[in-house]
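These notes are about the structure you will find just below.
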Amino acid sequence: MERLVRPFFERYTPSVARELLGCLLVRRIGAKTISGKIVEVEAYRGSDDPASHSFRGATKRSAIMFGEAGHVYVFFSYGNHWCLNFTTEGKGQPGAVLIRALEPVEGVEEMVKNRGVSEEGRLTDGPGKLTKALSIDGSLNGEDAVTSKRLYVLGREAQVRISSSARIGISKGREQQWRYLVEGNPFVSKRVTRSR
DNA sequence: ATACTGATGGCCT
DNA sequence: GGCCATCAGTATA
């Protein structure tokens, strides 16, 4: 499999999001490799998307979304969890794809250790869980996934069936069906849309 | 099975 | 002060 290149990310965010499904997310820490197939994502854009961090323009947190596509955007959520995104579109045109769930492929023992659990099940079926499993935190914010040795994405080998829904955990922008899942994959997040 | 809640911090009004 | 791109635990059925 080939690593995803810059032009892949420099497109309309929902298209990038759909095509990230089935790709392999790779995390390398020294000699160790942890990887998983991307099975659930969400697209976030800019001034047309009230659910996005970049809706009201660039802030210290969201500045990365306004920069070059293909970079890692990691933010701290609910005071407890890190969430992983890849930036999209062009400079000045903000966008990012949130990685919501993985199907573990390599380094399962390491994931178990990082998660601090005893069982193998449900290691990466949520955005906060997969960052913990892959040891991803704010120190990777801004990393260039096109050139990084620590965190990158390999293209998919086979076509996947995709279904979509409203995004999870947001109250505005629910009209967009910008959450994408690999149809029938058991590793997608189990939480259902809140009705707040 | 669903429903609610505490933890905990950054960002917004 | 209120609102979150969350999760694990507890309570209730």
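Note on naming: letters A, B, ... go to the chains in the order of the sequence lines (proteins, then strands), and numbering restarts at 1 for each one.
Listed nucleotides B:dG9, B:dC12, C:dC4 differ in distance to A:Phe76; the shortest reach to its side chain belongs to B:dG9.
Residues passing the side-chain hydrogen bond (donor to acceptor under 3.5 Å, both in side chains) test with A:Asn185 are A:Glu103, sequence neighbours excluded. Listed by chain and number, the residues in a side-chain hydrogen bond (donor to acceptor under 3.5 Å, both in side chains) with A:Tyr73 are A:His53 (sequence neighbours excluded). In this structure, A:Glu10 has no salt bridge (charged side-chain N to carboxylate O under 4.0 Å, His left out) partners at least two apart in sequence or on a different chain. With sequence neighbours left out, A:Glu19 forms a side-chain hydrogen bond (donor to acceptor under 3.5 Å, both in side chains) with A:Arg11. Partners of A:Phe76 according to the ring-ring contact (aromatic ring centres under 6.0 Å, His included) rule, which considers only residues two or more places apart in sequence or in another chain, are A:Trp82. Applying the side-chain hydrogen bond (donor to acceptor under 3.5 Å, both in side chains) test to A:Arg122 and every residue at least two apart in sequence or in another chain returns nothing.
In this structure, A:Gly107 and A:Ile34 approach most closely via the heavy-atom pair O-CG2, 4.1 Å.
Using a 4.0 Å cut-off on heavy atoms, the residues of residues 124-144 of chain A that approach DNA chain C are A:Gly126, A:Pro127, A:Gly128, A:Lys129, listed by number. Within residues 80-95 of chain A, the residues approached by DNA chain B to less than 4.0 Å at the level of any non-hydrogen atom are A:Asn80, in residue-number order. Sorted by residue number, the members of residues 57-65 of chain A with any non-hydrogen atom under 4.0 Å from DNA chain B read A:Thr59, A:Arg61.
Under the side chain to side chain donor-acceptor pair (under 3.5 Å) criterion, the residue pairs touching residues 126-137 of chain A are A:Asp125-A:Lys129, A:Asp137-A:Ser139, with sequence neighbours excluded. Residue pairs meeting the salt bridge (Lys or Arg N to Asp or Glu O under 4.0 Å) criterion with at least one partner in residues 87-98 of chain A, sequence neighbours excluded, are A:Arg45-A:Glu89.
The separation between A:Tyr78 atom OH and B:dT5 atom C1' is 13 Å, rounded to whole Å. Taking atom CG of A:Leu123 as the reference point, atom C1' of C:dA8 lies 15 Å away to the nearest angstrom. Rounded to whole Å, the distance from CD1 on A:Ile99 to P on C:dT6 is 14 Å. Between the P atom of B:dG10 and the CZ atom of A:Phe75 lies a distance of 14 Å, rounded to the nearest Å. Taking atom CG of residue A:Leu98 and atom C1' of nucleotide C:dC4, one finds them 14 Å apart after rounding to whole Å. A straight line from NZ of A:Lys172 to C1' of C:dG2 spans 12 Å, rounded to a whole angstrom. If you take CD1 of A:Ile168 and P of C:dC4, they are 15 Å apart, rounded to a whole angstrom.
Looking at heavy-atom distances under 4.0 Å, A:Arg122 makes no contact with the nucleic acid at all.
Not a single donor-acceptor pair under 3.5 Å links the side chain of A:His71 to the backbone N or O of A:Thr87.
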Residues A:Arg150, A:Asp144; criterion salt bridge (Lys or Arg N to Asp or Glu O under 4.0 Å); working and verdict: CA-CA 10 Å; A:Arg150 300 193 290 167; A:Asp144 184 355; over 6 Å; no

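Side chains of A:Glu40 and A:Ser189: a donor on one and an acceptor on the other come within 3.5 Å.
The 12-atom threshold is not exceeded at CZ of A:Arg28, counting heavy atoms of other residues, nucleotides or ligands nearer than 6.0 Å.
Across the P atoms, C:dA5 and B:dT2 are found 23 Å apart, a figure rounded to whole Å.
Of the side-chain N and O atoms in A:His53, one or more sit less than 4.0 angstrom from OP1 or OP2 of C:dA5. Taking only side-chain nitrogens and oxygens, A:Ser77 never comes nearer than 4.0 Å to OP1 or OP2 of B:dG10.
Cation-pi geometry between A:Arg167 and A:Tyr44 is met: under 6.0 angstrom from the ring centre, within 45 degrees of the axis.
For DNA chain B, each stem of at least three Watson-Crick or G-U pairs (distances under 3.5 Å) is given as range with range: B:1-7 with C:6-12, B:9-12 with C:1-4.
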